[in-house]
Amino acid sequence: LIEEAAIGRSRCFHHGGREAVGQCTDCSRSFCRECFVEHEGRLLCAPCLERLIGAGDTDESPQPLRRTVLHVLWAVGGFTLTWLWFVLLGLLLVNFPDTFHNPNLFS
Ligand SMILES: [Zn+2]
Ligand SMILES: [Zn+2]
């Protein structure tokens, strides 16, 4: 097996029993059909694809994060306002004159 690989009949980097169909365009290692992923017209292995996608994400990640923070702030603000409204309503009801609860006093 080792001799075979040395001769040039390359095997998959992950699956020693499988014949490689090509080389990763990024790390130049040989992989079988199953290990390859096509990304923007390039054949990549899974680790290289993850690395490329991860590297591309770092540029755009701050904005979605800020948007998420805004959403959370809006949600918390809305919840607080609703809560305040109910507290005020409760206070109003509690402080209403007794006549409101006992209309019979006037009759
Ligand atoms: Zn690779
Ligand atoms: Zn493989």
Side-chain angles (χ1 to χ4, degrees):
L1 257 172
I2 296 163
E3 263 179 77
E4 241 180 274
I7 288 164
R9 285 192 61 175
S10 48
R11 300 274 167 178
C12 171
F13 185 76
H14 291 307
H15 309 93
R18 294 185 192 172
E19 209 169 319
V21 293
Q23 288 181 319
C24 171
T25 53
D26 208 62
C27 64
S28 307
R29 283 184 295 209
S30 301
F31 292 99
C32 71
R33 191 183 298 271
E34 214 178 289
C35 291
F36 272 124
V37 190
E38 216 184 299
H39 177 67
E40 289 171 358
R42 296 171 67 191
L43 276 182
L44 294 165
C45 64
C48 284
L49 180 75
E50 256 176 65
R51 189 157 41 82
L52 281 178
I53 289 176
D57 270 356
T58 48
D59 292 330
E60 295 170 30
S61 59
Q63 220 175 2
L65 188 76
R66 238 179 286 148
R67 239 178 280 158
T68 312
V69 168
L70 260 179
H71 279 161
V72 169
L73 280 177
W74 269 112
V76 169
F79 176 79
T80 311
L81 276 176
T82 314
W83 179 77
L84 265 174
W85 171 245
F86 274 109
V87 166
L88 281 174
L89 207 71
L91 280 174
L92 271 176
L93 283 174
V94 165
N95 291 326
F96 251 108
D98 282 344
T99 50
F100 183 80
H101 294 292
N102 295 308
N104 291 332
L105 269 176
F106 281 119
S107 62

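For ligands, and for the atoms within them, numbers begin at 1 and follow the listed sequence.
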For the CZ atom on Arg42, are there more than 12 heavy atoms of other groups (residues, nucleotides or ligands in this structure) within a distance under 6.0 Å?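 Enclosed.
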Apex the Zn ion (ligand 1) - arms SG from Cys24 and SG from Cys27 - angle rounded to 10°: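 My answer is 100°, to the nearest 10°.
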For the residue pair Phe31 and Phe13, does the interplanar ring angle fall in the parallel (under 30°), tilted (30 to 60°) or perpendicular (over 60°) class?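 Perpendicular.
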Candidate list Glu50, Glu38, His39, test side chain to side chain contact (heavy atoms under 4.5 Å, CB included), partner Leu44, passing option: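 So, applying the side chain to side chain contact (heavy atoms under 4.5 Å, CB included) to Leu44 and each of Glu50, Glu38, His39, only His39 qualifies.
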Among Cys35, Cys27, Cys12, side chain to side chain contact (heavy atoms under 4.5 Å, CB included) partner for Cys45: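 Option passing the side chain to side chain contact (heavy atoms under 4.5 Å, CB included) with Cys45: Cys27.
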Would you sort out whether Glu34 and His14 count as a side-chain contact (heavy atoms from CB on, under 4.5 Å), showing the intermediate values? CA-CA 10 Å; Glu34 214 178 289; His14 291 307; over 6 Å; no
What protein N, O or S atoms come within a distance below 2.8 Å of the Zn ion (ligand 2), ordered by chain and number?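 Hits for the Zn ion (ligand 2) below 2.8 Å: Cys12 SG, His15 ND1, Cys32 SG, Cys35 SG.
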Below 4.5 Å, heavy atoms only, C-beta onward: do Leu52 and Glu40 meet side chain to side chain?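 Contact flag for Leu52/Glu40 side chains = no.
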